[in-house]
Amino acid sequence: MQHSSIHWFRKGLRLHDNPALLAAATDCHRLHPLFILDPSSGRAGTNAWRFLLDALRDLDRSLREMGSRLFVVQGCPEEVFPRLFHAWGTTRLTFEVDTEPSRDATVAELAERHGVKVIREVSHTLYDTERVLALNNGKAPLTYKGLQSLLASLGPPEKPAPTLTLEHLQGCHTPCQVSHDTEYGVPTLEELGQDPTEVGPHLYPGGETAALARLNSLMDRTAWLCDFKKPETEPTSLSPSTTVLSPYLKFGCLSVRTFWWWLDEVYQGQREHSQPPVSLHGQLLWREFFYTAGAGIPNFDRMVGNPVCLQVNWDNNPQHLRAWREGQTGYPFIDAIMTQLRTEGWIHHLARHAVACFLTRGDLWISWEEGLKVFEELLLDADWSLNAGNWLWLSGSAFFHRYFHIYSPVAFGKKTDRDGAYIRKYLPVLKDFPAKYIYEPWKAPRAVQEQAGCLVGTHYPQPIVEHGAASKRNLGRMKAAQSKRHPTNPSPQGTTPHWIDLHPYLSDNIIIIKGSRVIKKSQFDSPHALTHQQQHHMEVSQQHNCVLGTVSLGWSSQGSLLLTPLPAEYEEMG
DNA sequence: ACCTTAGTTGGGGCC
DNA sequence: AGGCCCCAACTAAGG
């Protein structure tokens, strides 16, 4: 049967590794490559819109070279499709599977009702997310390792599908009018109500062509690709220290499978290469991790109703939120990052960590959902699953639990940029400060500020919070939120651990309270049965003649000990 | 059931 | 300057 196909582009803005597009061209006499623009949806800012329009123009150019065209239609899918099915005599609709919450099911039903056959193909992720979830009893793995072991049982990801060529389009006609450009052309920023004067430097032009060029430019950097370890790349680098392929992966201008197998080829024939999670393959698995989490966890981009998310009473502070967003916090490292984000649409992963921690659990105690919205607007690579997943992570709401590891807005940048070149680039107002004060200009004596031509409080803001005090306070609030999550844990949450004299209560029967459990000394009578740590625990307990308790199960691995008051319910057992 | 281990990517003080 | 130790003390997964 010869079909009249619509291929619906959403992500996957490419001709390579696009199985749904290939399916549309198979047994097809008429093909309409379609993109539906819904200018009212989403929070994309001007830079992100420019990237998308670049990508659409590139796609149209590539299709045109094969005698086809891209049809850009404005509206919402539920309204657009019935009209197009009718006008174009459509018998088949193909599109790429999208794991984000969407109205794909509604569109599919609508197509069935119009007698249109629907074909969906997985090509935005390395693995079929549904299959990974099914393998794990429908639940998303909550650790990277967990995902890795699931994927190990599935084998390597599928190879990319062949790139669409003229041969695929043999006998497959795209009906174009002379009026195509006015009717179905790619609009301009102005036509979308965006202010074109708001765009920043065009560092990362959108589109498949730019994506493949960027990938190819990495080709002769075999050693760099094989040595790549994400935590060792620098957030303060003046030109990106990582690949900046993320915007292209987000829109699907670059196929993740193409990238994966391209890397695999680079790795082949090398003596050794870095490994997940820090390697480049590892980065793609992180992407997979958050895609799986986003698909398997309800309300993934919200706190309320999200079962893995710590429930926190975040502050509502519009002034602080605005200062953070506008790069006016008074912390040059934070403000420089937010400036780079606003102007260029991309910042290093660790820079995201620094500003995300600062906004949430570190300093401002503002909900990660607010940060998520700002990133969604300003990042070229803002990807629903990755954005929400990383905000959950950095705010200490899920996945990451060592909340006492707080990024210092002063010290963190210094590690890789002692002189503050990064700050000088993005905050020129501070460029003449001596290195000694560039991260903390408010500490500079008046004469130094005058010398630098920048008075703190006049030309650059005073810090909006005092990091030392704010982070300490927030650490306590985080701890409180954690204990609320586990109300059954009888260890004395919220109290300051300290040595206490329990001598009057002691008998031979020393009780060790470890975590939430009560263990009698008699259980440990044979020293050989004890682990090294338990023995140590016992020794200290006897040596100090006291009841020994710990508030955590993790103490042993670090070799430190905490003695805490006995919870009231155990006191009589003393 | 119980325990151990590990967790992509910290900070600060000390030597 | 750079390495080492300590800080503080949670969760998930696996044995």
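Protein chains get the first letters and strands the later ones, always in sequence-line order, with residue 1 at the start of each.
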Can you tell me, in whole Å, how much space there is between the C1' of B/dG12 and that of C/dA1? 15 Å
What's the closest nucleotide to the side chain of A/His401 if the choices are B/dT8, C/dC10, B/dG12? C/dC10
Quick one: A/Tyr407 OH to B/dT8 P, roughly how many Å, whole number? 12 Å
Sort out the partner of C/dC5 for me: Watson-Crick or G-U wobble, both distances under 3.5 Å, none otherwise. B/dG12
Identify the nucleotide, in any strand shown, that forms a Watson-Crick or G-U wobble pair with C/dA13, with both distances under 3.5 Å; if there is none, say none. B/dT4
Per atom distances to the A/Trp393 side chain, the nearest of B/dT8, C/dA1, C/dT11 is B/dT8
State plainly whether the residues A/Lys373 and A/Glu370 are in salt-bridge range, i.e. N to O under 4.0 Å. yes
Between C/dA13 (C1') and A/Lys139 (NZ): distance, integer Å: 12 Å
Send over the distance from A/Met478 CE to C/dA8 P, rounded to a whole Å. 18 Å
By nearest atom, which of the nucleotides B/dT8, B/dT9, C/dC10 is closest to the A/Leu350 side chain? B/dT9
Please state the C1' separation for the pair C/dG14 and B/dA1 - nearest whole angstrom. 14 Å
Does the ring of A/Phe404 meet both stacking tests against the six-membered base ring of C/dC7: centre distance under 5.5 Å and plane angle under 30°? no
Do A/Asp417 and A/Lys425 meet the salt-bridge criterion of a basic N to acidic O distance under 4.0 Å? no
Within the side chain of A/Gln283, is there an N or O that forms a donor-acceptor pair under 3.5 Å with the backbone of A/Val278? yes
Nearest whole Å is fine: how far is B/dT8 P from A/Asn390 CG? 12 Å
A/Leu280 CG - B/dT8 C1' separation (whole Å): 13 Å
In terms of side-chain heavy atoms of A/Phe412, which of B/dG10, C/dA13, B/dT8 is nearest? B/dG10
Which one, C/dA12, B/dT8, B/dG10, comes nearest to the side chain of A/Thr143? C/dA12
State whether a side-chain donor-acceptor pair under 3.5 Å links A/His405 with A/Arg361. no
Measure from the side-chain N and O atoms of A/Asp128 to the backbone N and O of A/Val122, and report whether any donor-acceptor pair falls under 3.5 Å. no
Would you kindly give the CG-to-P distance between A/Asp363 and B/dG11, to the nearest whole Å? 11 Å
Length of the line joining A/Phe289:CZ and B/dG7:P, which is rounded to integer Å: 13 Å
For C/dC7, does either OP1 or OP2 sit under 4.0 Å from a side-chain N or O belonging to A/Arg402? no
Just N and O in the side chain of A/Lys145: are any of them under 4.0 Å from OP1 or OP2 of B/dA6? no
Gap between atoms OH and P, on A/Tyr403 and C/dC7 respectively (whole Å): 16 Å
Measure from the side-chain heavy atoms of A/His405 and tell me the nearest of B/dG12, B/dG10, B/dT8. B/dG10
Of A/Ser149 and A/Leu475, the one whose closest DNA chain C nucleotide lies more 5': A/Leu475
Using side-chain heavy atoms (C-beta onward) and a distance below 4.5 Å, is A/Pro409 in contact with A/Phe333? no
Between C/dT11 and B/dG11, how many Å separate the two P atoms, rounded to a whole number? 22 Å
